[in-house]
Amino acid sequence: QLQLVESGGGLVQPGGSLRLSCVASGSTIDFYNIGWFRQAPGVEREGVSCISRNGGMTTYADSVKGRFTISRDNVKNTVYLQMNSLTPEDTAVYYCAAVSFGLTTIQDLCGGRFRASYWGQGTQVTVSS
């Protein structure tokens, strides 16, 4: 059973940066496509960015393209989300989630057309001056 734990959230000023980490345990992440999702109060959950099992393919929501970068280190069993040029609209709880790579594409995972099998507990990101 895969367990996911996010960290790295916090309070940051507009224009600032944060790096989120998602550490997996219980299984290797080698066989999982993994994504970052976010949800703000009163807003539907959004797929922010997803990455394929070997890191060869990535996808981003239009709202974060050019500002966020997803990466993974399968040796460390960790996935990262580097967030730059943050705006108040990025304020949300950020979750990482995983699904076996053979079940869906990262496009369908991030697009909400296929629900991930494993979810972390989330980390709060607040962008405010």
Side-chain angles (χ1 to χ4, degrees):
Q1 187 83 353
L2 189 68
Q3 290 93 41
L4 303 171
V5 177
E6 303 94 335
S7 63
L11 174 63
V12 63
Q13 292 188 339
S17 298
L18 284 174
R19 188 175 82 153
L20 305 183
S21 298
C22 173
V23 179
S25 62
S27 177
T28 175
I29 62 171
D30 290 10
F31 304 108
Y32 293 90
N33 293 335
I34 296 181
W36 285 97
F37 298 79
R38 67 186 181 186
Q39 188 163 25
V43 179
E44 192 172 325
R45 184 172 61 203
E46 173 188 26
V48 174
S49 181
C50 292
I51 188 166
S52 61
R53 59 178 291 209
N54 62 2
M57 292 187 293
T58 59
T59 186
Y60 295 92
D62 287 344
S63 58
V64 307
K65 279 181 183 175
R67 300 188 298 122
F68 290 11
T69 303
I70 192 171
S71 62
R72 64 192 291 161
D73 185 337
N74 285 6
V75 173
K76 294 183 177 179
N77 237 26
T78 302
V79 177
Y80 305 98
L81 185 68
Q82 177 67 44
M83 306 187 296
N84 298 329
S85 302
L86 286 162
T87 74
E89 288 68 37
D90 296 315
T91 295
V93 178
Y94 284 71
Y95 301 88
C96 69
V99 65
S100 294
F101 75 95
L103 293 180
T104 191
T105 65
I106 59 170
Q107 289 78 12
D108 281 351
L109 176 62
C110 258
R113 292 176 290 277
F114 194 98
R115 179 176 169 83
S117 305
Y118 305 97
W119 292 83
Q121 82 291 346
T123 185
Q124 176 71 46
V125 172
T126 302
V127 185
S128 175
S129 55

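For clarity, every value in this text was computed on a predicted model and none was experimentally measured. Any value given below was found using the heavy atoms of this structure, including those in side chains, with hydrogens, waters and symmetry copies removed.
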What pair of heavy atoms forms the shortest contact from [X] to [Y], and how long is it?
| X | Y | result |
| --- | --- | --- |
| P14 | S129 | CD-N, 3.7 Å |
| V99 | S117 | CG2-OG, 3.8 Å |
| C110 | S49 | SG-C, 3.2 Å |
| G122 | V93 | CA-CG1, 3.9 Å |
| L20 | M83 | CG-CE, 3.8 Å |
| G47 | A61 | O-CB, 3.5 Å |

(message) Applying side-chain contact (heavy atoms from CB on, under 4.5 Å), can you list everything that pairs with T78, at least two apart in sequence or on another chain?
(response)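 Expected list: S21, V23, K76, Y80.
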Do you reckon [X] sits in the same ILVMFWY cluster as [Y], going by side-chain contacts under 4.5 Å, direct or chained?
| X | Y | value |
| --- | --- | --- |
| L81 | L109 | no |
| I34 | Y94 | yes |
| L4 | W119 | no |
| L18 | V79 | yes |

(request) Please determine, by modelled atom types, if N54 and S52 share a side-chain donor-acceptor pair under 3.5 angstrom. (result) yes
Indicate yes or no: at least one non-hydrogen side-chain atom of [X] is less than 4.5 angstrom from one of [Y].
| X | Y | value |
| --- | --- | --- |
| I29 | R72 | yes |
| V127 | Q13 | no |
| Y118 | Y32 | yes |
| W36 | I51 | no |
| T105 | R113 | no |
| F68 | Q82 | no |
| L2 | S27 | yes |

From [X] [atom1] over to [Y] [atom2], what is the distance, rounded to the nearest 0.5 angstrom?
| X | Y | atom1 | atom2 | result |
| --- | --- | --- | --- | --- |
| I70 | C96 | CD1 | SG | 9.5 Å |
| S85 | R67 | OG | CZ | 7.0 Å |
| F37 | C50 | CZ | SG | 4.5 Å |
| S7 | R19 | OG | CZ | 9.0 Å |
| R115 | R45 | CZ | CZ | 5.0 Å |
| D108 | F114 | CG | CZ | 9.0 Å |

Looking at [Y], is its backbone amide N or carbonyl O close enough to the side chain of [X] to form a donor-acceptor pair, meaning the two atoms are under 3.5 Å apart?
| X | Y | value |
| --- | --- | --- |
| T87 | E89 | yes |
| T123 | G9 | yes |
| R53 | F101 | no |
| N33 | T104 | yes |
| Q39 | E44 | no |

(request) Just jot down the side-chain hydrogen bond (donor to acceptor under 3.5 Å, both in side chains) partners of N77, sequence neighbours excluded, or say none. (result)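 Per chain and number, N77 pairs via side-chain hydrogen bond (donor to acceptor under 3.5 Å, both in side chains) with no residue.
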(request) Quick one: do S63 and E46 satisfy side-chain hydrogen bond (donor to acceptor under 3.5 Å, both in side chains)? Show the steps, please. (result) CA-CA 10 Å; S63 58; E46 173 188 26; 3.2 Å; yes
(message) side chain to side chain contact (heavy atoms under 4.5 Å, CB included) for S128 and L11? Distances and angles first, verdict last.
(response) CA-CA 7 Å; S128 175; L11 174 63; 4.2 Å; yes
(request) I would like to know whether Y95 and E6 meet side chain to side chain contact (heavy atoms under 4.5 Å, CB included); could you show each step before the answer? (result) CA-CA 7 Å; Y95 301 88; E6 303 94 335; 3.8 Å; yes
